[in-house]
Novice: 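Quick one: this structure, given as structure tokens, is what I'll be asking you about.
All chains are named by letter (A, B, ...) in the order of the sequence lines, taking the proteins before the strands, and each is independently numbered beginning at 1.
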Number of protein chains: 2
Amino acid sequence: MFFSVFSPFDFFASFDQIVKIDMQFCGSSARKDKPELARSGTTKKVTRIQREKTEAILNAALDVFSKHGFRGSTIDMIATNAQLSKPNILYYFDSKETMHAQLLEHLLDTWLEPLEQISPEGDPVDEICGYVQRKLEMARDYPRESRLFANEILQGAPHIIDQLTGPLRTLTDSKALVIQRWIDDGKLAEVDPYHLIFSIWSTTQHYADFDVQVQAVLGDSANLRFEQAQAHLDMMFRAMLTRK
Amino acid sequence: MFFSVFSPFDFFASFDQIVKIDMQFCGSSARKDKPELARSGTTKKVTRIQREKTEAILNAALDVFSKHGFRGSTIDMIATNAQLSKPNILYYFDSKETMHAQLLEHLLDTWLEPLEQISPEGDPVDEICGYVQRKLEMARDYPRESRLFANEILQGAPHIIDQLTGPLRTLTDSKALVIQRWIDDGKLAEVDPYHLIFSIWSTTQHYADFDVQVQAVLGDSANLRFEQAQAHLDMMFRAMLTRK
DNA sequence: CATAATCTTTACCAACTGGTCAGAAAAATT
DNA sequence: AATTTTTCTGACCAGTTGGTAAAGATTATG
């Protein structure tokens, strides 16, 4: 059995599984009928080649998009990265947009997963610090995904604005409520739950999105940046949440 | 007298002044001789038109670049935004790169200014919290500059990597030293100075760079986001720095 | 193994985009 | 007012890029 090309751990297992499942002929489905692919309705089997190639292409696309942004990326770059020809890429994906949309679509789910894990049952401080740690691990292990996301948001989130005002907001609201309850119960120092969450997002993602800057500043000791960051952030959030 | 088109306050006065001064015929200077401009050597006077147009163009360029990134921006977009024709833009600036470089060149200075203001003489906690506040004000008042910078770093800082390993690192080192001294003197709780600075950068810039997300999550109360952020960040850093 | 289905490539196109150029228009200078 | 200098524009070009078409190669299937 082979696992994702991207996933050193199994964090993103969901990612390529999703790819495999609902991706079969993403692009060519509705818009125009490439006869060879996607007669919608019938359950068509996914060949080995399809699975491998779409996966390789998405992996290459993630590489390129996260490095150069959408407009800065060309299909040729993706093709080279995936060791395929440009038309071959376009055989599997209708367009550049399709690939990009495909990647973004499932990004937010992955993104939100660590937040979902926060449980009202656990110890408040540990729950939140655990979240910080999971988020930092994601920044370390999946910087490409983080940068792709950052790029999208920076441009005003044109493709995922609905997911932001929808699922993201809903989940954030619900977790903010949990945090607020903890505060009301005196288990946590008073903090604005939303801005607490923003602080967690920003400080952790910083180590992925602004890695060049971090490394430039830290110089030689940069290789320890994630261990240092973990200790620092744990201390910081703990101090804020337990202050008298 | 007229002030910068961009600067509601005078924070960035340095910016357009610099533009006016060392910008006279940035592009066309060395590379190829447009006879009309830039006979290097002689001190040529800057006409009113030159001043106004270059300023308008840089302002438009900042608008467009910060919104779409370098590759996502076209000279035509900048031209439209500046209400000029494309060739007219290229009369003042040699190339798209020149405009971009021009903007980036002075960005870091502005960026670092608030950090420079940290004084070893003042009260440690107030000095640092003051820095947080200044940085947050910059995020609020100059989001375009912040996004331009974020875009550049996200792409790996190809144009300003030298400034990162140079001036940025030098200044950060020196301020980290100041902070370390404070800690050694028992005036501040123990923190990693570098990661403290990273936390300040990330949390404050978040409100500029990820504004769409912040607004999506906060919904109606989003208009208060900067006041809330200020209170929250002040509390957070104060708690960390004064913890027992 | 023949045939159908899937996959891949070569050649190509149209739109876009960065940039040029020759001269027209407008300002400044005399 | 004449002329020189600066500013501006329309037409144009070459390279890039997203995407297509059709035929060739490969793989699966009866």
Novice: Rounded to the nearest 0.5 Å, how far apart are CZ of A:F70 and CD of A:Q155?
Specialist: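 Between atom CZ of A:F70 and atom CD of A:Q155 there are 11.0 Å.
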Novice: For A:M77 and D:dG18, give me the distance from atom CE to atom C1', rounded to whole Å.
Specialist: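 After rounding, the gap between these two atoms is 14 Å.
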Novice: Using OP1 and OP2 only, check whether a side-chain N or O of B:Y92 sits under 4.0 Å from D:dC8.
Specialist: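 Yes, within the criterion.
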Novice: Looking at B:Y91, does any N or O in its side chain come under 4.0 Å of the phosphate oxygens OP1/OP2 on D:dC8?
Specialist: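 Negative; the distance criterion is not met.
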Novice: Nearest whole angstrom, please: distance from the C1' of C:dT8 to the CD of A:E52.
Specialist: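 In whole Å, C:dT8 C1' and A:E52 CD are 15 Å from each other.
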Novice: Evaluate the criterion side-chain contact (heavy atoms from CB on, under 4.5 Å) for residue pair A:F149 and A:I160; output intermediate values, then yes/no.
Specialist: CA-CA 10 Å; A:F149 187 71; A:I160 57 165; 3.8 Å; yes
Novice: Of the non-hydrogen atoms in B:A216 and A:T165, which two are nearest, and what is the gap between them?
Specialist: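 Minimum heavy-atom contact is CB-CG2, 3.8 Å.
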Novice: Ring-plane angle category for A:H195 and A:F198, please: parallel below 30°, perpendicular beyond 60°, tilted otherwise.
Specialist: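 Perpendicular, since the angle between the ring planes exceeds 60°.
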Novice: Could you go through nucleotides 15-18 of chain C and list every protein N or O atom that sits under 3.5 Å from one of its N or O atoms, giving the distance for each pair?
Specialist:
unit_1: C:dG18; atom_1: OP1; unit_2: B:S73; atom_2: O; d: 3.3
unit_1: C:dG18; atom_1: OP1; unit_2: B:K96; atom_2: NZ; d: 3.0
unit_1: C:dG18; atom_1: OP2; unit_2: B:I75; atom_2: N; d: 3.1
unit_1: C:dG18; atom_1: N7; unit_2: B:K86; atom_2: NZ; d: 2.9

Novice: In whole angstrom, what separates A:I57's CD1 from C:dC7's P?
Specialist: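 After rounding, the reported distance stands at 11 Å.
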Novice: What pair of heavy atoms forms the shortest contact from A:F65 to A:N151, and how long is it?
Specialist: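 In this case the closest contact between A:F65 and A:N151 is O-ND2, 4.0 Å.
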Novice: What is the distance, to the nearest angstrom, from the CZ atom on B:F93 to the P atom on D:dT7?
Specialist: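 B:F93 atom CZ is separated from D:dT7 atom P by 13 Å.
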Novice: With a 4.0 Å limit, can you tell me whether A:S85 has a side-chain N or O closer than that to the phosphate oxygens OP1/OP2 of C:dT9?
Specialist: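 For C:dT9, OP1 or OP2 has a side-chain N or O of A:S85 closer than 4.0 Å.
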Novice: Give me the atom names and distance for the closest heavy-atom approach of B:S95 to B:L90.
Specialist: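 Looking at all heavy atoms of both residues, the shortest contact is CA-CD2, 4.0 Å.
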Novice: Just how far, in rounded Å, is P of D:dT27 from CG of A:N88?
Specialist: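 Spelled out: CG on A:N88 to P on D:dT27 is 13 Å.
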Novice: Write down the distance between CG (B:L84) and P (C:dG19), rounded to a whole number of angstrom.
Specialist: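 Atom CG in B:L84 sits about 17 Å away from atom P in C:dG19.
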Novice: Respond yes when some side-chain nitrogen or oxygen of B:Q50 is under 4.0 Å from OP1 or OP2 of D:dT6, and no when none is.
Specialist: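 So the side chain of B:Q50 is outside the cut-off, no N or O lying under 4.0 Å from OP1 or OP2 of D:dT6.
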